[in-house]
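In the text below, chain A, chain B and the rest are named by the order of the sequence lines, each starting its count at 1.
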2 protein chains.
Amino acid sequence: MLYQETHRSPSRPVHAAVSSSPAVAKQQALAEALTAIGTSIRCARNSEVYGEGEPAETVYMVVSGAVRTYKLLSDGRRQIGDFHIEGEVFGLEAGAERQFTAEAIADSVVLVGKRNALVGMAANNAELAYELWVHTAGELQRAQDHLLLLGRKRAQERVATFLLDMAGRRKSDIFVDLPMSRQDIADYLGLTIETVSRTLTRLEDDAAIEIPTSRRIVLRDKRALGRLNA
Amino acid sequence: MLYQETHRSPSRPVHAAVSSSPAVAKQQALAEALTAIGTSIRCARNSEVYGEGEPAETVYMVVSGAVRTYKLLSDGRRQIGDFHIEGEVFGLEAGAERQFTAEAIADSVVLVGKRNALVGMAANNAELAYELWVHTAGELQRAQDHLLLLGRKRAQERVATFLLDMAGRRKSDIFVDLPMSRQDIADYLGLTIETVSRTLTRLEDDAAIEIPTSRRIVLRDKRALGRLNA
DNA sequence: CGACGGCTTGATCCGAGTCAATCCTGGTGG
DNA sequence: CCACCAGGATTGACTCGGATCAAGCCGTCG
């Protein structure tokens, strides 16, 4: 029993929500539900949260810190699927097995909850059921946007897209504090560490950004960065 | 009301299904439901089924022919997200707007159904509700696998992966009849048409495949192709 | 202060892109 | 039935963006 409609009227009618809300919504109910059923655990920098191929029985939310998910090729080439920062849910899968390995980028605290428990709650909470669906659809949308980046964008465009995306996820949309290393960025953008570094330097020379420290980027000219996208 | 649990026991308990079935399942119920509510339309080769940014109110299934979905950059660079062949459902989105443009690759027949109608049926059909979820999760999984290909695989590996994937989708797993042009393959694999062509020729020289006609490929040595993957 | 890990910079290389001819092949009309 | 044509596919010559190889340069932490 994945989902159930309740007669206790949900605060917003789900049918309407399907056709009117953006694909990536606030996910209030999902975060609350996971907070209610989950237990928080501490993950040291670079420690594994779960591994590709393991049973996908749990769901997570980042309380503090950040997480990367990735796949490896046999010779060690790595593709990072996504980063997850404070407040974001990750590890929600419909299938039996983990498709990615997840690791803490920095010392982190994450909530863990049983997938079955969440799904059970969704059975009499239409809003939550809707948000589970929206969450997977949102991940799909991010993955699809990333396909375009990896398949067709040049290095400068990739980095600009990345910076704007990171800025958009936080409150402050000008100062970007990167939790991840250049190697992580490279493996996310399908580039090498050297190309990421050179490209950032180039953007700084062009006055589009400032790099006060290697983990902090100031977006000086978002318009210029935006022009490097579409 | 997206989903509803029925007390008329579903033929297989959904909880069990969540943890035991593969992420990409048969989707019998989804296909049947769409067949029941849909009307079939004819799409000429290269005609648009829907466009990026349009309201996402309908869902489709390929009856015959094939479909591509893609995004464009402003200067015309194209990334194909996926191909859909006979029997496959496409265009099922949770958000309000189309994320891709969809076009018929060849003269095709597709079923169209209202998303709201499907979602309404799912309200008292747990199996169908489950399959809607599994379908989106399956698309996510394909997209994520494709991220690895686009971000980290070399041209030969990309083409080998593509051929094995196409073979796996059909009955015959040795003879691959490609409904799409070299340009489509190139835009799917993040390569150019010339590189795709050269790579196929190279694979033929290496006796991994045969190319009796440009749209038909015979996989002579699947093991060799497989070695070009992981 | 020294050492280590992460980052930057430089020099060179190479895989895939670009530009430019052909080469099929399947469809058409004489 | 065959010659022709058009569009897709292949092949070749050359270029180039980003990878690779190789030093240095911080900045942080012991």
Side-chain angles (χ1 to χ4, degrees), chain A residues 44-46 66 68 73 75-79 105-107 149-163 176-206 209-217 228, chain B residues 44-46 66 68 73 75-79 105-107 149-163 176-206 209-217 228:
Chain A
R45 179 178 141 82
N46 293 329
R68 63 180 167 246
L73 291 172
D75 64 357
R77 280 174 285 170
R78 183 177 71 157
Q79 179 62 43
I105 289 172
D107 292 341
L149 179 147
L150 292 175
R152 289 302 182 209
K153 290 188 182 177
R154 339 205 126 281
Q156 254 202 116
E157 298 168 325
R158 294 184 196 202
V159 172
T161 301
F162 171 71
L163 292 174
V176 182
D177 286 296
L178 301 171
M180 74 291 286
S181 69
R182 294 289 187 271
Q183 186 63 64
D184 286 334
I185 298 172
D187 287 346
Y188 179 61
L189 298 180
L191 300 171
T192 60
I193 188 175
E194 294 94 333
T195 298
V196 170
S197 183
R198 275 188 251 272
T199 303
L200 287 170
T201 303
R202 169 102 195 280
L203 288 174
E204 189 172 31
D205 291 346
D206 295 351
I209 63 174
E210 274 172 51
I211 315 177
T213 78
S214 72
R215 295 293 184 111
R216 162 161 270 234
I217 313 268
L228 291 173
Chain B
R45 178 178 140 84
N46 294 329
R68 63 178 166 248
L73 291 172
D75 64 356
R77 279 173 286 171
R78 183 177 71 156
Q79 179 62 44
I105 289 173
D107 293 339
L149 179 146
L150 293 174
R152 290 300 183 211
K153 290 188 182 177
R154 336 207 128 281
Q156 253 202 116
E157 298 168 325
R158 295 185 195 201
V159 172
T161 302
F162 171 71
L163 291 174
V176 181
D177 286 297
L178 301 171
M180 73 290 286
S181 68
R182 294 289 187 270
Q183 186 63 63
D184 286 333
I185 298 172
D187 287 345
Y188 178 61
L189 298 180
L191 300 170
T192 61
I193 187 176
E194 294 94 333
T195 297
V196 170
S197 184
R198 275 187 251 273
T199 304
L200 286 171
T201 303
R202 170 101 195 280
L203 288 173
E204 189 172 32
D205 290 347
D206 295 351
I209 64 174
E210 274 172 52
I211 315 177
T213 79
S214 72
R215 295 294 182 110
R216 162 161 271 234
I217 312 269
L228 291 173

#### Entry: Whole angstrom value for the distance that separates P of D:dG18 from CG of B:Leu150
15 Å
### Query
So with a 6.0 Å cut-off around CZ of A:Arg202, is the heavy-atom count from everything else above 12?
no
### Query
Measuring from A:Leu163:CG to A:Leu203:CG, what's the distance to the nearest 0.5 Å?
7.0 Å
Show me the protein contacts with nucleotides 22-27 of chain C, counting only N or O atoms at under 3.5 Å.
none

### Task
Using a 4.0 Å cut-off on protein heavy atoms (strictly under), produce a 5'-to-3' string for nucleotides 3-17 of chain C with B for base contact, S for backbone-only sugar-phosphate contact, and - for none.
---SSBBBB----SS
### Message
If you compare all heavy atoms of A:Tyr188 against all heavy atoms of A:Gln79, which two are closest, and at what distance to 0.1 Å?
### Response
O-NE2, 3.1 Å
### Task
Kindly indicate, with the supporting measurements, whether the criterion side-chain contact (heavy atoms from CB on, under 4.5 Å) is fulfilled by A:Glu210 and A:Arg216.
CA-CA 8 Å; A:Glu210 274 172 51; A:Arg216 162 161 270 234; over 6 Å; no
### Message
A quick test of your reading: do over 12 heavy atoms of other residues, nucleotides or ligands sit less than 6.0 Å from CZ of B:Arg45?
### Response
no
#### Entry: Euclidean distance, atom CG of residue B:Asp184 to atom P of D:dG7 [Å, nearest integer]
17 Å
### Query
Is the shortest side-chain N to carboxylate O distance from B:Arg68 to B:Asp187 below 4.0 Å?
no
### Task
Give, for atom CG of B:Leu200 and atom CD1 of B:Ile217, the distance between the pair rounded to the nearest 0.5 Å.
5.0 Å
### Query
What distance separates A:Leu189 CG from A:Glu157 CD, expressed to the nearest 0.5 Å?
12.0 Å
